[in-house]
Amino acid sequence: MMKLSRSVRGAALAASIVLTVSAAAPAAFAAEVNSGGKAGQGTQQGQGNQQGQGNGKPGQGQPGNGKPDKPGKPDKPDKPGKPDKPGKPGKSDSEKLRDKVTLKGLLGHLDAFQAAADANNGNRAAGTPGYEASARYVESQLRKAGYQPFRQAFTYEQFVLNSDALEQVSPNPAAYTAGTDYLTMSYSGSGDVTAAVTAVDINLTGTRANSSGCEAADFAGFTPGNIALLQRGTCAFGDKVANAAAAGASGAIIFNQGNEVPGDDRTGLINGTLGSELSAIPAVGTTFALGETLAGTPGLTLRLSVDSAIKATETFNVIADTPKGDPTRQVVVGAHLDSVAEGPGINDNGSGSAAILETAIQLGKTGKFKLENQVRFAFWGAEEDGLVGSTHYVSQLDETGLQNTLANLNFDMVGSPNFVRFVYDGDGDAFGTAGPTGSAAIEEVFESYFASVGLASAPTEFSGRSDYQAFINNGIPAGGLFTGAEGIKTAEEAAIFGGTAGTAYDPCYHSVCDTRSNISNKAMDEMSDAAAHAVLTFAQTEADLRGGAGAARTAPAQPDYLGHEALR
């Protein structure tokens, strides 16, 4: 069961946050979301080539020479009240921005994404006309708000599955169903084989701990030409399949481990990937129950068929920078714009795209908010194919670009119909996987915000399932929000957040039914307010989240997922 005791918040706190971070943060962090601009020094604005603009290579530009700092405007005094009536307090910048980020505006963006899918084969997948239409809409909205968006193009090797089949030939002829009984692993090689099945170092008892297929020694006595039956556990799926191929296996079936791991399904159907290159043999994943049955079937012969290929696909990220703020202290606010090919992807991830788009629009339209740091709004491409766009973006940053990136805020699925208000576990105290220095501060801003408006929140793990991963791999503080995907809501979560226990957070995850009707307006409204608050908080802070000049960048352990697909 997911750990909730630490960060389920319900008590109301003061709306303006003055936050002191735990020892994991570099220094005391004052996040001041003020009501009229801090009195004192203003922001130095460069007049030269801003970071990455004009050449499509973020992070390689140099800031220009700015004008001398100007003093900021003092806070406006409270309005005088009438006799016997107190004056009205001035609103904070956070409140002003949140007032402008309306549900009506958010739903308008979701309608536009739905229309883009409807006009283009029902999806908005990377490299398709539906993605192009979505990008053009985002760009037009940004331009109207005063931004100069640009595209960062890239080409990647996309895995294409043409057909697959899994059948029991003997002793009991039967055809298994793709998507129910098995799934072909991404980057599985092609092949059509009919052969006996050999279980390799599996464990069906106790905790079911195993290292099935992780070492060459596991295949001692293996009959070349047979299909290897492997169990999830210890090492990456790609390693298991490569070792099976080296031992002469004609194909591989990996079944789920069958143990208990909080926040992960270790009994159901495996949705896995083998990496980024086609394997030498065909490989599929299946459930623990089917794997256990296959292992216990004497004289088993299966047919395993996969027809797959790699296709070079061209697509792009859409990026826009605030004209205000220091480009050497850049806050990258990201959400992936692409959907899966199976549907329009309105929750995944039209919802996150809409949240950051509306925040960008309202931040740009007024021009009144004082920004210490430049905000870069990034709409990532090809996330659904393995976090490709965000990974490409970070890979193009030179050392200066990495140092100039203050933080990454990630918003992926913030409108799930059976939602939980999940906040990424920056300090690692809920799941044991902390983000880089400064991530704890990001987590605390979100948690404190929700508490200040009387809403509960809960931690979610940095598991590698979204676009924060490339940033934390390079030591950049990260955090963000999530309302749940295919995971099942627990009774404890339903008691705290409402909704239905025993049902997926998003029953239409990666399906044709992920349409406008698959959105919780309540979740969209609440999560987008939290997003707007955090964006402005980090745009206005003067703190160095990463520990100052010369601080070492830390990287997390190898993640368990690459996007929505399991690596191990």
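We count residues from 1, following the sequence as given.
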State whether the side chain of Lys240 and the backbone N or O of Arg568 hold a donor-acceptor pair below 3.5 Å, judged by distance alone. no

Step by step, would you call Glu384 with Arg124 a salt bridge (charged side-chain N to carboxylate O under 4.0 Å, His left out)?
CA-CA 11 Å; Glu384 298 291 6; Arg124 303 182 302 106; over 6 Å; no

*Beyond-backbone contact of Thr437 with Arg546, side-chain heavy atoms, under 4.5 angstrom*: no

Answer yes or no: is there a side-chain heavy-atom contact under 4.5 Å between Glu526 and Leu455? yes

Tyr424 and Phe462: aromatic ring centres closer than 6.0 Å?
yes

Check your understanding: Under 4.0 Å between a Lys/Arg side-chain N and an Asp/Glu carboxylate O for Arg465 and Glu486?
Key -> yes

What I'd like to find out is whether the side chain of Pro417 reaches to under 4.5 Å of the side chain of Asn518, using heavy atoms alone.
yes

Residues Ser351 and Ile519: closest non-hydrogen pair is CB-CD1, 4.3 Å

Do Ser211 and Thr234 meet the criterion of a side-chain donor-acceptor pair at a distance under 3.5 Å?
no

The reported gap from CG in Asp529 to OG1 in Thr359 (rounded to nearest 0.5 angstrom) is 8.5 Å

Audit row: Leu142, Leu357, side-chain contact (heavy atoms from CB on, under 4.5 Å) steps and yes/no: CA-CA 8 Å; Leu142 291 169; Leu357 177 59; 3.8 Å; yes

- Query: Is there a side-chain contact between Tyr137 and His109, using heavy atoms and a 4.5 Å cut-off?
  - Reply: yes

Note to self: Closer than 3.5 angstrom, by distance alone: can the side chain of Arg421 be matched with the main-chain N or O of Phe497 as a donor-acceptor pair?
What the structure shows: no

**Asked** Does any donor atom in the side chain of Thr207 or Asn259 lie under 3.5 Å from an acceptor atom in the other side chain?
**Response** no

### Message
I want to know whether Tyr393 and Phe154 have ring centres closer than 6.0 Å.
### Response
no

Checking Ser439 side chain against Pro436 main chain: does a donor-acceptor pair fall under 3.5 Å?
yes

**Prompt:** With a 4.5 Å limit on heavy-atom distance, are the side chains of His336 and Ser353 in contact?
**Reply:** no

Distance col, row Thr405:OG1 vs Leu397:CG, nearest 0.5 angstrom, shows 5.0 Å

request  = Return yes if some donor-acceptor pair links the side-chain N/O of Asn317 with the main-chain N/O of Gly389 below 3.5 Å, else return no.
outcome  = yes

All heavy atoms of Phe377 vs all of Thr322, minimum pair found to be CE1-CG2, 4.1 Å

_Whether Tyr187 and Phe159 hold their rings parallel, tilted or perpendicular, with breakpoints at 30° and 60°_ = tilted

For the side chain of Asn373 and the backbone of Thr541, is there at least one donor-acceptor N/O pair under 3.5 Å apart?
yes

Separation between OG (Ser466) and NE2 (His564), nearest 0.5 Å, reads 12.0 Å

Side chain proximity check, Leu402 to Val394, heavy atoms < 4.5 angstrom:
yes

Residues passing the side-chain hydrogen bond (donor to acceptor under 3.5 Å, both in side chains) test with Gln257, sequence neighbours excluded, are Arg266

Looking only at heavy atoms, the pair that brings Leu387 and Gly464 closest together is CD1-O, 3.5 Å

Between Thr328 and Asn404 (side chain of the first, backbone of the second, donor and acceptor by atom type, cut-off under 3.5 Å), is there such a pair?
no

For Phe288, the ring-ring contact (aromatic ring centres under 6.0 Å, His included) test, sequence neighbours excluded, returns none

Output for pair (Arg232 CZ, Ser212 OG), nearest 0.5 Å, gives 13.0 Å

Sorted by chain and number, sequence neighbours left out, side-chain hydrogen bond (donor to acceptor under 3.5 Å, both in side chains) with Asn243 holds for none

Here the gap from Met413 atom CE to Asn349 atom CG, rounded to the nearest 0.5 Å, amounts to 8.0 Å

Are any of the side-chain heavy atoms of Met185 and Val241 separated by less than 4.5 Å? no

Correct closest heavy-atom pair for Lys370 and Gln540 would be O-NE2, 3.0 Å

Are any side-chain N or O atoms of Ser416 and backbone N or O atoms of Gly484, one a donor and one an acceptor, separated by less than 3.5 Å? yes

field: Worked verdict on Asp425 versus Glu461 for side-chain contact (heavy atoms from CB on, under 4.5 Å)
entry: CA-CA 6 Å; Asp425 182 26; Glu461 185 180 11; 5.8 Å; no

Verify, without hydrogens or angle tests, whether Gln158 (side chain) and Asp385 (backbone) share a donor-acceptor contact under 3.5 angstrom. no

Per side chain to side chain contact (heavy atoms under 4.5 Å, CB included), Phe419 is matched among Lys522, Lys489, Met527 by Lys522

*asked:* Treating Asn418 as the side-chain partner and Ala504 as the backbone partner, does any N or O pair qualify as donor plus acceptor under 3.5 Å?
replied: yes

Shortest non-hydrogen pair, Tyr468 vs Asn408, comes out as CA-OD1, 3.5 Å

- Does some side-chain heavy atom of Thr537 sit less than 4.5 Å from a side-chain heavy atom of Tyr449? no

Exercise. Kindly indicate, with the supporting measurements, whether the criterion side-chain contact (heavy atoms from CB on, under 4.5 Å) is fulfilled by Leu409 and Leu481.
Key: CA-CA 8 Å; Leu409 304 180; Leu481 301 175; over 6 Å; no

CD of Gln469 to CD1 of Ile472, rounded to nearest 0.5 Å, is 4.0 Å

- Before giving the answer on side-chain contact (heavy atoms from CB on, under 4.5 Å), spell out for Phe316 and Gln152 the whole-Å C-alpha distance, their side-chain angles and the decisive distance to 0.1 Å. CA-CA 5 Å; Phe316 53 89; Gln152 182 188 43; 5.8 Å; no

- Message: Taking Cys508's backbone N and O only, do any of them form a donor-acceptor pair with Asp514's side chain (distance below 3.5 Å, no angle check)?
- Response: no

Nearest heavy-atom approach of Leu278 to Ser188 is CD2-O, 3.4 Å

